[in-house]
S.K.: 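Right, I'll just put the structure down here and ask away after.
Below, chains carry the letters A, B, ... as their sequence lines are ordered, and counting in each starts from 1. In what follows, every heavy atom counts, from backbone to side chain, and hydrogens, waters and symmetry copies are set aside.
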Amino acid sequence: MNTMKWLIKREFWEHKGGFFWAPIVFGAIMVLLVMLSLLAMMFGGDKTAQMNGMPLWDFFASMTDLQKADFARISVMSWYGIASTTFSLLYGFTAFFFCLNALFDERKDRSILFWKSLPITDEVTVISKAIFATMVAPAIALGVAIITSVLALLLTCLMLVIKDVGLASTILALPLTYLVPLQWIAALPIYVLWALPTVGWLLMVGAWARSKPLLWAVLIPVLAYGLITWLNKLFQFGWDLAWFQSHIVLRMLFSAVPGSWFKLQPLLIHDDRPELMLSGHALEMLSQSWQLVGTANLWIGVAAGAAMIYAASRIRRWKDEG
Amino acid sequence: MNTNTNSVVSARGLTKHYGKSVAVDCISFEIPAGRIIGLIGPNGSGKTTTLKAMLGLIPFQGELKVLGLDPRTQRDKLMKQVSFIADVAVLPRWLRVREAIDFVAGVHPKFDRAKAERYLKNTKLKPAMKVREMSKGMIVQLHLALVMAIDAKLLVLDEPTLGLDILYRKQFYQNLLEDYFDEQKTIIVTTHQVEEIEHILSDLMFIRDGKITLSATMDEISERFIEVMVSAENTDTARALKPIDERQVFGKSVMLFDNLASGTSRQQIEALGETRSPGIADIFVATMKGTYA
């Protein structure tokens, strides 16, 4: 257990830039942009922005309480939507390259010979990298995303208070404002399980490839897809190619993007109508995420991911670096 | 050769192929505890492969036990008692001195933090320094400080002082002998600077083309090998005794004899002229003749 703690710390030391500073810088830029647009609205809102043919501030002031509640809900949801999408993509990108290089770079710079001189098994080493990518680093990114979102919302409320249009209290009284960040946290266990196929695949390719791991990692699933498409055409098998694409190819490459299950698990009821999305139905995102627990897609992915993580540790055990 | 249960390393028919080429060719040897063994051989002779086999880094054929364990199947257990420096400085570039010490202290039950810090005090390394900011020599210093602070039963050093200047090299071997080594420990070291480790070795092993060409204690070596400056009238007599090497110094022949190989005795050689004990380097060069031909 102690060894695991130090291995996680070791990953943090090495990847502080990508998993700690990058989200912070990204969050800071977002808050800055929000601040700039708020300032622009405060000082130029009457001239530039129009709502229903009215200058912005007059429109806000003219709204009924019901309209205000709707407007607050839409604003909060859109803001959380933007924050979660951008942070997810940033994290998915960082995690992809982390997993791909985790077992490759140590072979390239031969530092594997140092790590292997210590009493740490290959299994524990590889598992520590998977834990870092699926639990520790996402928790950091999530923390930063929540702080960023809350800061931006508070700044918005501050502006609304200064302008005295009465929307701030509506926003702060919305359950959504507090529930969405909690939902994100509650969906984290799903992420851990969902991300495993990509994490395992990339760790395995990184442990195995002599060079150009990115090329191998992308080429193998894409070529497999091409081959199956070709065979399917040639022999008229009538295979479900879309299924293969979303359950195998994309699962291998994009599962490390948080929330990618909304796109890749077709069993979930999809209702993209914006009015549903924005009027509190978004709260169902959490229950939708947890619905995955009942799908074979999730559990077969977990098994495949675990098998590939184990394979990565076996390859690391025996690969001769010359 | 009997398998000695007290052996730290015991190899029987150890073989390693890379494709069709044989890197290690069915070698057998025993290394008892409390020795410092120099493993000497030209590049590509199989010494690093032999060490890697012992450290469980590569698969191999034959029988090999290190501290009674099979490095193929019991590596995890083995690494609790073995430490090693492989080849050159291999510390990751992002690592800081302080992190390196914290990490090894955290994962290695036999690491003595105070000892490592004591070694580092004698260097220019600072706790916040990253490996990428260090000179090659400094990286090796850090690595050696880490490894020397681990109380391992077997320490394997493959070219440990490569890139270090002469002052630190001497210091290192001095520390190794005085601070680190005791009769419970065994050290296996390979190096190209043979003369530097000569005085600390207790055993010598020459390896060539994947075969052990010489394996003896230093006492046996000084018994076996003798160099003589042969006076002109004795030259033919001396040559008849089959020296393993002959060179000319100031018009006189200097011949190196392996008493075991030529069946000669010390007295016999001493009668030929002025004798001296040859260095390991001389013996190495003589026995490796033709390696690069």
S.K.: Answer with side chain, backbone, both or neither: which region of B:Val156 has an atom nearer than 4.5 Å to a non-hydrogen atom of chain A?
M.R.: neither
S.K.: Mark yes when over 12 heavy atoms from residues, nucleotides or ligands other than B:Lys115 sit less than 6.0 Å from its NZ; otherwise mark no.
M.R.: yes
S.K.: So how far is it from B:His143 NE2 to A:Leu113 CG, rounded to the nearest 0.5 Å?
M.R.: 9.0 Å
S.K.: Which residue is it: B:Lys110, B:Lys80, B:Gln81? I am looking for the one with a side-chain contact (heavy atoms from CB on, under 4.5 Å) to A:Pro119.
M.R.: B:Lys80
S.K.: For B:Leu55, is it the side chain, the backbone, both, or neither that has a heavy atom closer than 4.5 Å to a heavy atom of chain A?
M.R.: neither
S.K.: So for atom NZ, which belongs to B:Lys185, do other residues, nucleotides or ligands contribute more than 12 heavy atoms lying within a distance under 6.0 Å?
M.R.: yes
S.K.: Given a strict heavy-atom distance threshold of 4.5 Å, which part of B:Arg96 is in contact with chain A: side chain, backbone, both, or neither?
M.R.: neither
S.K.: Please check if atom CZ in A:Phe254 has more than 12 non-hydrogen atoms from other residues, nucleotides or ligands closer than 6.0 Å.
M.R.: no
S.K.: Could you tell me which non-hydrogen atom of B:Pro92 sits nearest to which non-hydrogen atom of A:Trp115, and how far apart they are?
M.R.: CG-CZ2, 3.5 Å
S.K.: Would A:Leu118 and B:Phe111 satisfy side-chain contact (heavy atoms from CB on, under 4.5 Å), going step by step from the backbone distance to the final call?
M.R.: CA-CA 10 Å; A:Leu118 297 166; B:Phe111 180 73; over 6 Å; no
S.K.: Strictly distance-based, threshold 3.5 Å: is any side-chain N or O of B:Arg75 a donor or acceptor partner for the main-chain N or O of A:Thr121?
M.R.: no
S.K.: On a heavy-atom basis, which atom in B:Phe103 and which in A:Trp6 lie closest, and how many Å separate them?
M.R.: CE1-O, 3.4 Å
S.K.: Where is the tightest heavy-atom contact between A:Trp318 and B:Arg72, given as atom of each residue plus distance?
M.R.: CZ2-O, 3.4 Å
S.K.: Please rank B:Val82, B:Asp102, B:Leu57 by heavy-atom pairs under 4.5 Å with chain A and give me the top one.
M.R.: B:Asp102
S.K.: Please report the interatomic distance OG(A:Ser111) to CG(B:Leu95), rounded to the nearest 0.5 Å.
M.R.: 9.0 Å
S.K.: Does A:Trp13 have more than 12 heavy atoms from other residues, nucleotides or ligands lying within 6.0 Å of its CH2?
M.R.: yes
S.K.: Taking A:Arg10 for the side chain and B:Glu99 for the main chain, is one N or O donor matched with an acceptor at less than 3.5 Å?
M.R.: no
S.K.: NZ of A:Lys116 to CZ of B:Phe84: how many Å apart, nearest 0.5 Å?
M.R.: 8.0 Å
S.K.: Closest heavy-atom contact between B:Val90 and A:Arg110?
M.R.: CB-O, 3.3 Å
